[in-house]
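First the structure, in the form of structure tokens, and then the observations on it.
Just so it is clear, the model here is predicted, and its values are computed rather than measured. For the numbers below, each heavy atom of this structure counts, side chains included, while hydrogens, waters and symmetry mates do not.
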Amino acid sequence: MKNLTLKQLRYFEALARDGRFRRAADACAISQPALSMQIKELEQELGGELFERNAREVKLTAFGQTVALRIRDILRGVDELADLARAARDPFLTRLRIGIIPTIAPYLLPAIINDLNRSFAGIQIEVRETQTSKLVQELAQGQLDTAIVALPVSEPSLAELELFKEEFVLVRRPEDEGKPVPEREALREMRLLLLEEGHCFRDQALSFCKIGQARPREVMEGSSLSTLVQMVSAGIGITLIPEMAVPLETRSAHVSISRFQSPQPSRTIGMIWRNSTPMAKQLQRVSEAVRRSADSMREQYAAR
């Protein structure tokens, strides 16, 4: 296979991930015809069709699924070799590809970036905000160096480092200020606003309220914490948000904030990275900067 190239393998990976030639081509920064030609050449080189093509999307063939596993291993090894070279020549870290979930990013990310810029002179930070499942996938594929998520992730190939814990608070209408906080069992009988499926914060809220994954009639969904808080402000229902979100989300919403009695709902925030990464020492330093940012932000909130 003298004509097999790393570019072709990365094009294959992009198309297998995105399922559409246009999106994969955009992700690879090439034209759609060029991507199609490279995939055809890869199929000829490997001696079989890798994708089933139709007008709307492409899917891996059985052969393509087998090949995909090997190609991911190859690309992961190449990326780790690149990381090894970066770690050897760049012990102080000048580039960081970091992922973060949407229920943390708007509140903690600005402080993290400022702290990282102070801790690592000249660092180039690339941020990816998406749900945990996608971050785990992109970490495994070598597209990210680390990610900030709610723990545990429980993925054997990833190291987990706990950073801090934070509590959830109850968001109600302003006229509910000072009223007793409902027991968590009582929340099931109220109109509860939750994030849409796929967000780990949704699952944590459902677990605290002892609500199964089957959606009750009175549960309504939103795409972001901002949407949920604004819906509460409009008198539609109640919701739970992490305490780090309170300063930003209540700035433009007329709501009341209450804390639950013990046991208080909470989550553990941490960093994850590949067990095999040679950048573990640098990522430990990154985790220290993230923890400082979180501690500072929480101190400011507590002083309000």
Side-chain angles (χ1 to χ4, degrees), residues 1-83 97-102 105 126-147 149 153-158 195-200 202-203 213-215 221-224 272-277:
M1 296 188 181
K2 296 181 180 179
N3 296 323
L4 201 64
T5 68
L6 275 176
K7 279 189 176 181
Q8 289 174 335
L9 301 188
R10 294 200 184 278
Y11 296 160
F12 169 89
E13 177 70 14
L15 184 56
R17 181 181 65 246
D18 295 328
R20 295 177 184 273
F21 274 96
R22 182 177 298 279
R23 287 194 304 214
D26 289 343
C28 296
I30 62 171
S31 67
Q32 188 172 333
L35 175 66
S36 181
M37 181 179 298
Q38 289 294 320
I39 295 298
K40 286 182 180 179
E41 289 182 2
L42 179 62
E43 289 177 325
Q44 291 172 0
E45 188 69 23
L46 295 176
E49 290 190 356
L50 299 171
F51 295 96
E52 297 176 11
R53 298 161 172 83
N54 60 47
R56 298 188 60 184
E57 61 181 355
V58 296
K59 296 181 179 180
L60 288 168
T61 62
F63 176 58
Q65 291 174 358
T66 302
V67 168
L69 297 176
R70 298 299 182 91
I71 286 181
R72 284 169 191 152
D73 287 339
I74 292 170
L75 293 178
R76 186 181 302 114
V78 170
D79 288 333
E80 288 175 358
L81 182 61
D83 288 343
R97 301 170 300 170
I98 186 169
I100 188 166
I101 57 176
E126 300 173 14
V127 178
R128 166 76 161 134
E129 179 189 348
T130 190
Q131 296 175 6
T132 301
S133 59
K134 293 182 180 179
L135 294 178
V136 168
Q137 179 184 16
E138 292 174 13
L139 266 175
Q141 294 172 353
Q143 297 170 340
L144 294 172
D145 298 317
T146 186
V149 298
V153 171
S154 301
E155 171 58 49
S157 65
L158 299 178
L195 291 175
E196 58 194 4
E197 291 186 9
H199 291 273
C200 56
R202 169 196 172 90
D203 298 333
Q213 289 300 320
R215 186 174 62 188
E221 296 179 343
S223 60
S224 69
I272 55 176
W273 56 76
R274 294 184 303 279
N275 287 322
S276 56
T277 182

Side chain proximity check, R274 to L158, heavy atoms < 4.5 angstrom: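 Contact flag for R274/L158 side chains = yes.
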Determine whether L135 and L144 make a side-chain contact, defined as any pair of heavy atoms from C-beta on separated by less than 4.5 Å. yes
For residues 25-35, which side-chain donor-acceptor pairs fall under 3.5 Å, sequence neighbours excluded?
| unit_1 | atom_1 | unit_2 | atom_2 | d |
| --- | --- | --- | --- | --- |
| S31 | OG | A34 | N | 3.2 |

State, to 0.1 Å, how close A24 and D18 come at their nearest heavy-atom pair, and which atoms those are. CA-OD2, 3.5 Å
Taking all non-hydrogen atoms of both residues into account, name the closest pair between Q8 and L42 and its distance. O-CD2, 3.9 Å
With [X] via side-chain hydrogen bond (donor to acceptor under 3.5 Å, both in side chains) - residues at least two apart:
| X | value |
| --- | --- |
| S276 | E80 |
| S224 | T227 |
| R22 | none |

Those residues at least two apart in sequence (or on a different chain) that pass salt bridge (charged side-chain N to carboxylate O under 4.0 Å, His left out) with R53 are E43
Apply salt bridge (charged side-chain N to carboxylate O under 4.0 Å, His left out) to E155 and list each qualifying residue two or more places apart in sequence or on a separate chain. none
Point-to-point distance, once rounded to the nearest 0.5 Å, from CD of Q143 to CG of L75: 9.0 Å
Approximate separation, where rounding is to 0.5 Å, of E41 CD and T5 OG1: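 It is 8.5 Å, given to the nearest 0.5 Å.
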Which pairs, with at least one residue in residues 127-138 and sequence neighbours excluded, count as a salt bridge (Lys or Arg N to Asp or Glu O under 4.0 Å)?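 Every salt bridge (Lys or Arg N to Asp or Glu O under 4.0 Å) pair that includes a residue of residues 127-138, provided the two are not neighbours, is R128-E138.
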Partners of R72 by side-chain contact (heavy atoms from CB on, under 4.5 Å), sequence neighbours excluded?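 Result, side-chain contact (heavy atoms from CB on, under 4.5 Å) vs R72: E13, A68, L69, R76, Q141.
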Using the side-chain contact (heavy atoms from CB on, under 4.5 Å) criterion, which residues pair with E196? Sequence neighbours excluded.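 With sequence neighbours excluded, E196 shows a side-chain contact (heavy atoms from CB on, under 4.5 Å) to H199, E221, S223, given in chain and number order.
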Does any pair with a residue in residues 4-49 pass ring pair (Phe, Tyr, Trp, His ring centres under 6.0 Å), and if so which ones, sequence neighbours excluded?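 Every ring pair (Phe, Tyr, Trp, His ring centres under 6.0 Å) pair that includes a residue of residues 4-49, provided the two are not neighbours, is F12-F51.
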